[in-house]
Amino acid sequence: MTEPTATAPAPEPEKKLTLAGTPTSPDFIREIVIEDQASGKHGGRVVTRFPPEPNGYLHLGHAKSICLNFGLAKEFGGRCHLRMDDTNPAKEEMEYIEAIHRDVAWLGFSWGEHEYYASDYFEKLYQHAETLILRGLAYVDSLSADEIRAHRGTLTAPGKNSPYRDRSIEENLDLFRKMRAGEFPDGAHILRAKIDMASPNITMRDPALYRIRRHTHPRTGDAWCIYPMYDYAHPLSDELEAVTHSVCTLEFEAHRPLYDWLLVSLDTPNRPQQIEFARLNLTYTVLSKRRLLELVNGKFVNGWDDPRMPTLSGVRRRGFTPEAIRAFCERIGVAKRDSMVDVSLLEHAVREDLNARSPRVFGVLRPVKVVIETYPEGEVEHFDAVNNPEDPSAGTRSVPFSRELYIEADDFREDPPKKFFRLAPGREVRLRYAYLVTCKEVVRDAEGNIVEIRCTHDPASRGGNAPDGRRVQGTIHWVSAAHAVDAEVRLYDRLFSVENPNAEESYLDKLNPASLEVLPHAKLEPSLAGKPAGWLCQFERLGYFCADPDGTPGKPVYNRTLTLKDSWAKIEAKG
RNA sequence: UGGGGAGUCGGCAAGUGGUAAGCCAGCGGUCUUUGGAACCGCCUAUCGGAGGUUCGAAUCCUCCCUCCCCAGCCA
C-alpha cells in the first residue's frame, strides 16, 4: 500500500493532439480533474486506477479505459494503479491475471510498483465490515437468496424489511464472526448494509456486502470462505489506495450513492470520486467478456488470441500496434452518450500507423506462373526495391528475378473489363522494379484452368522504364518462382456479418462464415522466411501482414492485418 | 408506471448566450514504378420536439418525446 504523498506541484497538462495534429478540447472527465486540481481538491493529487476482474482477457473496450486512466495519470502528474478486482473466486484465474499484465504492458502503460489486488485488502475490508456492524449500519440476514429477492420489491414497489434486519449489534457481530470462521454453509447468511428497503434506487435497498462462498481463491487460497461484493470492495479499495478519481462505466452510475455511503459511513480519510463514462461499442464485433468467453469455449474462434477477436491479445496477433490502438482511443473521445463506433475508424488508425512503419515486400497470395520467354533460362538478376517510400531511412533490399515468376491471379484477366489496367493478352504492364512485359499467350490444362502465362520482356526497360518513354498503365508485383518461399497466409474479415450483433436474438447466428480464409500456398519473396512472430510488413498492393507464431522456418505463416484501400475493387463493384 | 443517465451531420465528437470545429465513412479530382500513400474539393447538420426568456440560444426556463442502465448472495 502506498500512502498519499505530499502534494507535488502539478505540471501543465500535456497538450492533447488528434492524429491529424489539431488540438482537442478536454473531455468532461479531464475537465473535472482540471477543476479539482485548480481548487486543490484531493490536495491536488491525481490517482486513478484500472481495475479489471481477472475473469477473462482484456479487449478493446478495456483499452479505452486503460488509455483514459493511465492517460489521466500521465497528463496530470499523478499515477495509475493496476488493481485486480478479484472478489469472486468462482470466476477468476491466474491465467487471466497474467494475460492482463501482458496486455496492459503491451499497450504501452506501466503501473510501476502500483500493482494491487482487492484480495490484499480482505482483512481490512473485514474490519471495516465489523465497524459497520458496530455502528448499526450492517446486519447479518438469514433469508435465502430467493426470499431476499422477494423482499427487494420491484422497480416501482418498495421492498420489505427482512425479519432479521433488527438483530442486535452483538448478535450481528457474533454471526458475522462465525460466518468468517466457516461455521455456516454457503448461502446460510449474508451481511447486508442497513440503508433503506424503500429507496427508489434499488441499489440502496440493503445491498449485500459479504456472502459465504467456499471456493479456492487464486491468490488467497482457502484462507477465506466469505468474500466481499464488488459494491463494497470497490470504493474501499479505492479509498485504501488513496485513489482520487475512480473512473468507471455508465452502468455503475446508480451505484454511486452506495459508493459514497460507504465512505461516509466509515468516516474514511480519503474520499475518492466515482465518475462514469460510456463504454466502447464497435460495429461488427462484440465487446463483452461473457460473449467473448462463449466464442472461445464454443470453439467459434481459435482461442482468446484468435486474430479475429477484439481482445488485445487477438488484435496483437492480428498485427495491430499499440500505437494505433492508443491513437484510436484518443480519437473516439470520452463522453456519457451511448455510442457505437464504426470499426473503420479503428482500421484507419491501424493503417495510418502501419503505412508509416512497415517495410514493403512482395508476396503473391494466389499464384499464377508466368514465363518470360525472352529471358534467358538459368539467369538471375537482382533488383533494388524500396523498403518504405514513407521512410527513406528504411533503405532498400535486393529482390531476385528470373525467367519464371509468380504473379497474382487477380492481376491477370483474359477478357479485361474497362479500367482494368493489369495484365491481359497482348497488353504490356510493368513488373515492379524489373521490366515491362507483354502477355503473348495463355496456357491451359485439360479442365481449362490457366496453368501458365507466357510473356516477352523489353530488355531495354530494365528497372521498369522504357527508354522511349512509353507509359504503361499497370504495375504489378511478382516473385521469382525459383526463389519463392512457400507460405500459409490467413486472411481475416469481420467476425460478424451485421453491424450490431448485440441487437440480435442470437448473436452467434450472425457470425461471418467467411471471417477466416486460409491460403495454403502463397509465394513470398525470400526475405520473408524466418521472420519472428509479430514481424509486421506490407505486401505491396495487397495489405498489411504479420508473421504468425504458427509459422516455422520452412513454412512461414502470415496473417493479413488489413487490406490496403482498394480503389479497383470499388470500381469493379460499381460495375 | 420508481430511480439514475443520455439526445449536435451516415458514425464518433467539439461547442458552456453571440450566430454549428475536427475526424471516420462516402463522393469527385490531382499525382503516382504500390489502382497504396499524399494532396485538393464536395459531404448545403439550425443542434430530439413544442413553447418561453433574450437584441441574440445548440447553449437559460417549462412541458413533452425517444433511447440506455438498475429488481445477481456477478463485476
Side-chain angles (χ1 to χ4, degrees), chain A residues 18-20 22-25 27 31 51-53 55 85 87-88 90-91 141 143-145 148-150 152-159 186-187 189-192 199-205 207-213 226-227 229-231 233-234 248-257 276 278 283 289-290 331-349 351-352 355-356 360 362 385-386 389-390 419-422 430-434 436 463-465 471-477 499 538-543 563-571:
Chain A
T18 62
L19 294 182
T22 52
T24 64
S25 43
D27 54 68
E31 266 172 11
E53 181 189 13
N55 66 343
D85 218 333
T87 57
N88 184 359
K91 293 185 177 176
D141 197 355
L143 252 26
S144 70
I148 286 181
R149 189 176 314 118
R152 189 149 31 222
T154 68
L155 293 181
T156 51
D186 287 12
H189 306 283
I190 190 171
L191 185 72
R192 290 230 255 173
S199 172
N201 179 350
I202 294 181
T203 300
M204 300 300 271
R205 316 237 264 231
L209 267 25
Y210 268 92
R211 73 282 211 184
I212 303 173
R213 188 186 312 313
I226 58 172
Y227 291 96
M229 302 290 291
Y230 165 88
D231 277 335
H234 207 87
C248 64
T249 43
L250 253 29
E251 66 270 28
F252 294 107
E253 205 149 22
H255 297 231
R256 196 167 67 224
E276 311 84 11
T283 55
K289 280 200 267 191
R290 195 206 101 217
R331 266 205 192 179
I332 58 177
V334 177
K336 297 195 72 160
R337 181 185 340 180
D338 288 309
S339 63
M340 170 82 70
V341 176
D342 192 326
V343 73
S344 67
L345 183 55
L346 206 213
E347 296 173 345
H348 168 80
R351 286 196 181 95
E352 189 164 58
N355 175 55
R360 318 284 127 130
F362 285 172
V386 174
E390 307 294 323
K419 293 188 178 174
F420 181 86
F421 299 146
R422 284 111 90 148
R430 175 167 35 236
L431 293 179
R432 181 155 226 235
Y433 298 127
L436 262 31
N465 283 311
R471 317 276 293 186
V472 93
Q473 287 204 97
T475 298
I476 63 175
H477 57 98
E499 264 202 4
Q538 180 195 102
F539 286 7
E540 286 208 20
R541 304 207 304 130
L542 298 177
T563 60
L564 247 29
K565 285 201 191 154
D566 187 349
S567 47
W568 163 243
K570 200 176 284 178
I571 293 169

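Chain letters run A, B, ... following the sequence lines, proteins first and then strands; every chain starts at 1. Remember, it's a predicted structure, so these values are computed and weren't measured experimentally.
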Protein-nucleotides 66-68 of chain B N/O pairs under 3.5 Å:
residue : atom : partner : partner atom : Å
B:C68   : O2'  : A:D338  : OD2          : 3.4

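We find that A:K289 and A:E53 are not joined by a salt bridge, their nearest charged nitrogen and carboxylate oxygen being 4.0 Å or further apart.
Applying the Watson-Crick and G-U wobble criteria (two distances, each under 3.5 Å), B:G7 pairs with B:C65. Nucleotide B:G28 is matched to B:C40 when pairs are restricted to Watson-Crick or G-U wobble geometry with both distances under 3.5 angstrom. Of the nucleotides present, B:G22 is the one that pairs with B:C12 by Watson-Crick or G-U wobble criteria, both distances under 3.5 Å. With both pairing distances under 3.5 Å, B:A58 is matched to nothing as a Watson-Crick or G-U wobble pair.
Among the heavy atoms of the strands, none lies under 4.0 Å from A:E499. Across all strands, A:K419 comes closer than 4.0 Å to base atoms (heavy-atom distances). Within 4.0 Å of A:R471, counting heavy atoms only, lie sugar-phosphate atoms of the nucleic acid but no base atom. Across all strands shown, A:Q538 has heavy atoms under 4.0 Å from base atoms, whether or not it also approaches the sugar-phosphate. Counting any heavy atom pair closer than 4.0 Å across all strands shown, A:F362 reaches no nucleic acid atom. Contact annotation for A:A356: no contact, since no heavy-atom pair falls under 4.0 Å across all strands.
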- Message: Does the protein touch nucleotides 69-75 of chain B at the base, only the backbone, or not at all? Give it as B, S and - per nucleotide, heavy atoms under 4.0 Å.
- Response: SBBSBSB
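Separation of the C1' atoms belonging to B:U53 and B:U59 is 14 Å when rounded to the nearest angstrom. Here the separation of B:U1 from B:C43, taken at their P atoms, is 42 Å to the nearest Å. Separation of the C1' atoms belonging to B:G4 and B:C39 is 49 Å when rounded to the nearest angstrom. On the C1' atoms, B:G36 is 33 Å away from B:A45, given to the nearest whole Å. The C1' atoms of B:A58 and B:G7 are separated by 12 Å, rounded to the nearest whole Å. Taking atom P on both nucleotides, B:A21 is separated from B:G41 by 16 Å, rounded to a whole Å. The gap from the P atom of B:C27 to that of B:U44 amounts to 16 Å, rounded to the nearest Å. Between B:G5 and B:A57, the two P atoms lie 29 Å apart (nearest whole Å).
In this structure, the side chains of A:N55 and A:N88 stay at 4.5 Å or more apart for every pair of heavy atoms. Looking at heavy atoms from C-beta onward, A:L564 lies out of side-chain contact with A:D566 at the 4.5 angstrom threshold. A:R331 is listed as a side-chain neighbour of A:H348, based on a closest heavy-atom distance under 4.5 Å. Side-chain atoms of A:H234 and A:P51, non-hydrogen and from C-beta on, do get closer than 4.5 Å to each other.
Regarding contacts with the backbone of B:G7, every side-chain N or O of A:K336 stays at 4.0 angstrom or more from both OP1 and OP2. Within the structure, every side-chain polar atom (N or O) of A:H477 is placed at least 4.0 Å from both OP1 and OP2 of B:U34. Checking the phosphate oxygens (OP1, OP2) of B:G36, no side-chain nitrogen or oxygen of A:R541 falls inside 4.0 Å.
B:A37 atom P lies 13 Å from atom CD of A:E347, rounded to whole Å. As rounded to whole Å, 17 Å separates atom P of B:U32 from atom CD of A:E540. Spacing between atom CG of A:D342 and atom P of B:C9 amounts to 15 Å, rounded to whole angstrom units. In this structure, the CG atom of A:D27 is 17 Å from the P atom of B:C12, given to the nearest Å. For A:L564 and B:U32, the CG to P distance is 19 Å, given to the nearest whole Å. We find that CZ of A:R331 is positioned 19 Å from P of B:A21, with the value rounded to whole Å. Atom NZ in A:K570 sits roughly 5 Å away from atom P in B:G26 (whole-Å rounding). Regarding A:H348, its NE2 atom lies at a distance of 12 Å from the C1' atom of B:G22, rounded to whole Å.
For A:S339, the listed nucleotide lying nearest its side chain is B:C12; candidates were B:C12, B:A37, B:A14. Of the candidates B:G5, B:A37, B:A13, the closest approach to any side-chain atom of A:A335 belongs to B:A13.
If you find the closest nucleotide of RNA chain B to A:D566 and to A:M340, the one lying nearer the 5' end belongs to A:M340.
Checked by distance alone, A:E390 brings a side-chain donor or acceptor within 3.5 Å of a matching partner on the base of B:G36.
Inspection of the A:D342 and A:S344 side chains reveals an N or O donor paired with an N or O acceptor under 3.5 Å.
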Atom pairs and distances, donor-acceptor, side-chain atoms in residues 332-341 of chain A, under 3.5 Å, two or more places apart:
residue : atom : partner : partner atom : Å
A:K336  : NZ   : A:E253  : OE2          : 2.3

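Residues meeting the salt bridge (charged side-chain N to carboxylate O under 4.0 Å, His left out) test with A:R430, sequence neighbours left out: none. Applying the salt bridge (charged side-chain N to carboxylate O under 4.0 Å, His left out) criterion to A:R205, with sequence neighbours excluded, gives no partner residue. A:F420 pairs by the ring pair (Phe, Tyr, Trp, His ring centres under 6.0 Å) definition with A:W568, not counting sequence neighbours.
Tested against A:L191, the residues A:I212, A:L209, A:I226, A:D141 include a single side chain to side chain contact (heavy atoms under 4.5 Å, CB included) partner, A:L209.
Judged by distance alone, the side chain of A:N201 and the main-chain N or O of A:A254 form a donor-acceptor pair under 3.5 Å.
In this entry the base of B:G36 is anti relative to its sugar, with a glycosidic angle more than 90° from 0.
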